[in-house]
Each structure stands twice: as C-alpha cells, then as structure tokens.
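Report on the following structure.
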Amino acid sequence: MNDHLSDIETLRRNARAHIDRGPITEAYGADSERVIAVLNEVLATELVCALRYKRHYFMASGLSSSSVASEFQQHAAEEESHADRIAARIVQLRGEPDFNPATLEKRSHAEYVTGNDLVDMIREDLVAERVAIASYQEIVRWLGETDTTTRRLIEDVLAVEEEHADDLLTLLEQMGRPA
Ligand SMILES: [Fe+2]
Ligand SMILES: [Fe+2]
C-alpha cells in the first residue's frame with residue numbers, strides 16, 4: 001500500500017466532517033484564501049483585457065480594418081470567457097469574485113492602455129498579453145501540486161494568451177511593422 005495515500009476510513013471521516021467546505025477536502029494542499037486572492041487578480045486582469053480589446057475592436061472598425069477588428073473581437077470574447085471560468089472557480093473555492101469596477105485596473109496585472117492607431121493598439125495588446133503570460137506562468141509554478149484543478153485552469157488560460165500574443169505579433173509582421 002502507498003504510504004502517501006490516506007486510508008479509506010480517514011477519507012470518509014474527513015469528507016463527512018467538513019461537508020460545509022464543499023469541494024475543498026483534506027487533500028487540498030493550497031491555502032484557499034491565498035488562491036482566491038490570486039484568482040481575483042487574474043479575474044481583474046481578464047476583465048481589463050476584455051475591455052481594452054472591446055475598445056480596440058470598435059476603434060479598429062472605425063478605421064475600416066476589418067481583419068484586425070475581428071481579431072480584437074475574438075480576443076475580447078476569449079478574455080471574457082476566461083473571466084467567467086476564473087469567477088466560477090473562485091465561487092467553487094467558497095470565495096467571492098470581485099467585479100468592482102472602481103478598483104479593477106489597480107488590481108489587474110495588465111494595464112488599460114488605449115493606443116492611438118492600429119499599430120499602437122496591437123503593440124499595447126501584445127504588452128498586456130506578455131504581462132499576463134509571465135504572471136500566469138508564475139501562478140502555475142506557485143500552485144504546483146497543491147491545487148491541480150486551479151493550476152489546470154490557469155494552464156488552459158495561459159495557452160490561449162500565448163496564442164493571442166502570437167496572433168498579435170503576426171498582425172504586426174503582416175503590416176510590415178514588426179514589434
Ligand atoms: Fe485571457
Ligand atoms: Fe489574451
């Protein structure tokens with residue numbers, strides 16, 4: 001028998017004793033309050049990115065750059081779905097997702113920089129993606145084996161942010177304006 005695994009009796013006793021903690025069991029290795037706080041920073045980052053991409057989508061549509069605009073629109077929708085998934089995980093961990101608009105940008109890792117022309121907008125989005133990529137990589141390493149569900153979620157989101165950064169760099173290259 002593997003010494004690292006709890007026996008069935010202990011698992012059953014603990015599961016019954018702490019049912020008010022929902023999915024958080026004795027095997028949960030992370031500090032859930034700390035994880036919730038970090039997830040709220042990720043939530044703020046995703047919401048700020050969704051808002052910035054939305055502005056860029058409408059601005060680019062005005063500049064009649066439909067291919068860039070549709071890229072912005074797709075990214076905005078993906079950041080929004082990331083925000084939803086992060087908020088759902090916060091609630092699963094018995095926390096409260098913070099959607100307070102007054103403090104959103106302060107809590108976000110990435111900034112809300114509007115950009116003046118198309119190239120500016122793409123560059124600012126690329127900077128924001130690179131901030132998110134670096135901070136999510138840190139979070140993945142920090143979580144390690146302690147909360148593998150949250151880690152998988154962040155890894156999923158991270159993979160999409162890397163696609164976004166790649167999309168943006170490709171756009172700059174296509175425009176003959178490499179970053
Ligand atoms: Fe995202
Ligand atoms: Fe992104």
Side-chain angles (χ1 to χ4, degrees), residues 30 34-61 63 65-93 95-101 103-144 147-175 177-179:
R34 189 85 182 85
V35 172
I36 289 162
V38 168
L39 287 179
N40 262 316
E41 289 176 14
V42 175
L43 176 62
T45 303
E46 295 295 338
L47 292 170
V48 165
C49 287
L51 291 171
R52 198 194 53 253
Y53 274 125
K54 261 186 201 291
R55 175 185 152 100
H56 288 180
Y57 160 62
F58 286 106
M59 291 296 286
S61 306
L63 298 169
S65 307
S66 60
S67 60
V68 177
S70 72
E71 198 69 51
F72 288 158
Q73 189 179 34
Q74 192 201 327
H75 288 196
E78 281 167 345
E79 310 304 14
E80 227 174 291
S81 94
H82 292 164
D84 288 349
R85 290 175 67 191
I86 298 293
R89 181 60 181 159
I90 291 171
V91 170
Q92 243 178 21
L93 292 171
E96 293 177 9
D98 189 346
F99 284 89
N100 185 352
T103 56
L104 210 53
E105 205 200 0
K106 208 172 62 202
R107 294 183 289 112
S108 164
H109 296 164
E111 293 171 291
Y112 182 89
V113 182
T114 49
N116 294 319
D117 59 24
L118 219 48
V119 171
D120 257 15
M121 289 188 243
I122 299 170
R123 282 211 177 108
E124 287 306 330
D125 290 333
L126 181 52
V127 169
E129 293 292 352
R130 288 173 57 80
V131 170
I133 289 166
S135 90
Y136 297 173
Q137 278 170 343
E138 267 185 27
I139 294 169
V140 165
R141 281 194 289 271
W142 171 65
L143 285 168
D147 178 344
T148 49
T149 306
T150 302
R151 193 193 69 206
R152 273 206 314 279
L153 169 58
I154 301 290
E155 282 171 345
D156 272 4
V157 171
L158 172 60
V160 177
E161 311 310 358
E162 288 180 355
E163 277 174 32
H164 289 172
D166 183 57
D167 293 343
L168 295 165
L169 186 58
T170 303
L171 283 177
L172 286 174
E173 286 165 354
Q174 283 168 354
M175 296 166 79
R177 303 285 295 271

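Whatever order the structure lists them in is the order used to number ligands and atoms, beginning at 1. Along the sequence shown, residues carry numbers from 1. What you see is a predicted model; the values in this text were computed from it and never measured.
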Excluding sequence neighbours, so at least two apart, what forms side-chain hydrogen bond (donor to acceptor under 3.5 Å, both in side chains) with [X]?
X    : answer
S135 : H109
H164 : E78, E79, E129, E161
Q92  : R89

Practice task
Might you confirm whether atom CZ of R130 has over 12 heavy atoms from other residues, nucleotides or ligands at distances under 6.0 Å?
Solution key: no

Handout entry: Other residues, nucleotides, ligands: >12 heavy atoms within 6.0 Å of F99 CZ
Key =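 Yes, because the 6.0 Å sphere around CZ of F99 holds more than 12 heavy atoms from other groups.
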
Practice task
Enumerate the protein N/O/S atoms at a distance below 2.8 Å from the Fe ion (ligand 1), ignoring waters.
Solution key: E46 OE1, E46 OE2, E79 OE1, H82 ND1, E161 OE2

Completion exercise
Value for OG1 (T150) from CD1 (I86), rounded to nearest 0.5 Å, stands at 8.0 Å

